[in-house]
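Note that the structure is predicted; figures quoted are calculated from it, not measured. To find a chain, count down the sequence lines: A is the first, B the second, and so on, and within it residues start at 1.
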Amino acid sequence: MVSKLVSRRDIEFLLYEWMDTTELIRRARFAEHSRETFDASLDTAERIATELFAPHNRKADLNEPSFDGTRVHIIPEVKTALKAFSAAGFNASAKDHALGGMQLPTVVEQACLTYFLAANAGTTGYPFLSIANSNLLVAHGSPAQIDTFARPVIDGRFSGTMCLSEPQAGSSLGDIRTRASPDGASPWGPRYRLFGGKMWISGGDHELYDNIIHLVLARTPDAPPGSKGISLFIVPKVLINANGSPGERNDVALAGINHKMGYRGTVNTLLNFGEGRFTPEGRAGAIGYLVGDPHKGLSYMFHMMNEARIGVGLGATALAYTAYLHALEYARSRPQGRRIGARNPATPQVNIIEHPDVRRMLLAQKACAEGALALNLYCSRLVDDKTTASLPEDRARATLLLEILTPICKSWPSQWAQESISHAIQIHGGYGYTRDYPVEQFYRDNRLNPIHEGTHGIQAIDLLGRKVVMDQGAALLALHDRISDTIGRARASSLPLEDSADVLENTLNRIVSTTARLHDAGDEERKLGNATLYLEAFGHLVLAWIWLDQALTTEGKVGDFYEGKRQACHYFYRFELPGVGPRLDLLDRLDQTTLDMQDTWF
Amino acid sequence: MKVLVAVKRVVDYNVKVRVKSDKTGVETADVKFSMNPFDEIAVEEAVRLKEKGGATEVVAVSLGVAQCQETIRTALAMGADRGIHVQTDAELQPLAVAKLLKAICDKEQPQLVIVGKQAIDDDCSQTGQMLAALAGWAQGTFASKVEINGGEMNVTREVDGGLETVSLKLPAVVTTDLRLNEPRYASLPNIMKAKKKPIDALTPEALGVDIAPRLITVKVEEPAKRQGGKKVADVAELVEKLKNEARVI
């Protein structure tokens, strides 16, 4: 094994054996690509991640960004790494040629990003946000806005942020208070002055790039209350003159830095807009330019949410993956104890991978990391199919599948990576609990993933309340078709997968009936009260499907790699999937325990 | 001025090589290969010469199995203009490589050949010197700095006593040391451009070169395991051990 970030063999299995990624080059958008360019992109990603991102992962964790009242200090290795990232073209890899991009398929782009996320989640946070920021502007900005504010982000000169939350409004964005008052016209459309505070802004202030383009949600004076009255604004840290040169400092002030449990390399800030620290054109107020139409800001933001949520899931997957590979190497090289039954202390000790319980934990990690990576890359492929599949019905189907799988793609890796990384710590024993080994950092870094870009609970409500019933259940039906297809192929396969196919079919039928039962429950509280359990059961169903489908790909193939895939599939069906039944039992009973519990009883 | 760089496909420097059980060589099945790191430095230097205006064309040459094309493609993605692949599945020893490169030099007439000072697989450090001898060209080996002035070049060499600067008449052969430069990463735009750059396919037979090995590999073994250290009680014991056990004083 070479890399401890993520297995290249597995990536190649997923891209070229499980999914037919090279088939994409028949589509006009990807016509200039080939397996060669995909592989060369992965090579460059692996090298830069290994040589410039991984080496300062611990140092960035131990030396988190600091604020001296004027400037933010970040260790210099971060800037060096980010420069190489931009110079290699990763900010623009999936973008249009017209924007200086490479039109790499999203699925290959995401496979490349996995290396960076595994090497150094904190440093990768900056370009990750910038890519999302420029994607949003390219989708919804005017041509002038794209030229001035998105292009420099795409070519790596500027970075970008997403400013949604406020100290009093996080998950409930309808309650934000930041105000935007009209301030005349500009070459970039209607100009406004913004006033308010934004919380949890990753990459909110630093000197890693020439400028920072904030995308800020705020209310115009005539805005209706709630989420229907939110508009989106471009607010540069340093204003840009009409000729593109840097202008005055905008009235965006860093109020403070949040001190986090993990992901410490990404500076996380509280920003004050319009507090008067700076006075562009002689007065207080952060200058911003309206994106698209007023009051549609939240829908623009959520347009990008699918991709952002796949990104969070991928971040969790990458941490689970690198933790697994670290644990595997440790288990293969740490002698401790003897086999069960071998009592003679004169015999040499065995490496701990010889102990079945250690192999159980490694299998759990393998099933989690490889299963989650397969799911994330499958969803990334759906992003490609949604826009580039040749038949309209294929595009429509990809869109539906993406809708229903996005909450799983975000929540499943986030939740189970935590347990998986915990196994990695366990395998390292006391050493794993120290800062001398990297696994404790992976554990802390991942803990953010069930929280940001829509918490775990919000994913649950999104899935049960919206996605499974959207378009009269069309998304659920589309997924049902895919899973049934896999079940059919498993029954026809020469591999001994019949039992797994039966279990998967039974679980699928149960999920469908539980879904109907919850939606017939009558009131919303009873329906959604235990939505998180539903999310978890649904997530395991999806992963069981992904594993069976991977196992099918190994039919007729010999060698350790394929044996490992088949065994991980068996593990998932025998150890993990049985946990779904009790969750569905409880959901079917419309259990009221949490609803009936009273505040004063605690 | 045309610059030729030779790039060798070797087992990746991150791979922990294992000796085959029959001791005929190292395990290469399911092992990652990449460009010899010293050759990456050679490509980088050639591309920099081109960017500075000193070179007009950079040609990357690789000799060996079909997959050497990937190594050439990497050189093209770093900025080389075209490639030449001499395909053979036979074992290539440094003398054969030097002869093949000499034959290519006869065809291509480069003013400068840059090669890595050694390959990280066999560590021979012979090819550049042999090529210079066969071609009758000047050589500047173990270069840590290269400057071209018209028909001459100055090469700063890393030698045991420090740095030595030699002046060479072109055409010449330069072999690269570690500190010559830091090679760039192949960027995605350049990977796309590399796809369109031509690679010529040749064979040793077509070049009329006899590549038969002149040396026989008797056996390949792992280096002897290091003995554990010992703690000595005092200086007297240390001196005694240095004298009688290590025999270094």
- Mind checking whether A/F53 and A/F85 have parallel, tilted or perpendicular rings, split at 30° and 60°? tilted
- Under 4.5 Å to a heavy atom of chain A? For B/A186 that would be both
- Message: Donor-acceptor check, side chain of B/D81 to backbone of B/V58, threshold 3.5 angstrom: yes or no?
- Response: yes
- Does A/K4 reach the main-chain N or O of A/T322 with its side chain, forming a donor-acceptor pair under 3.5 Å? no
- Query: Which one, A/D39, A/D43, A/T44, A/L104, leads in non-hydrogen pairs under 4.5 Å with chain B?
  - Reply: A/T44
- Message: Show the nearest heavy-atom pair for residues B/Q87 and B/P204, with the distance to one decimal.
- Response: O-CD, 3.5 Å
- For A/A87, is it the side chain, the backbone, both or neither that has a heavy atom under 4.5 Å from a heavy atom of chain B? backbone
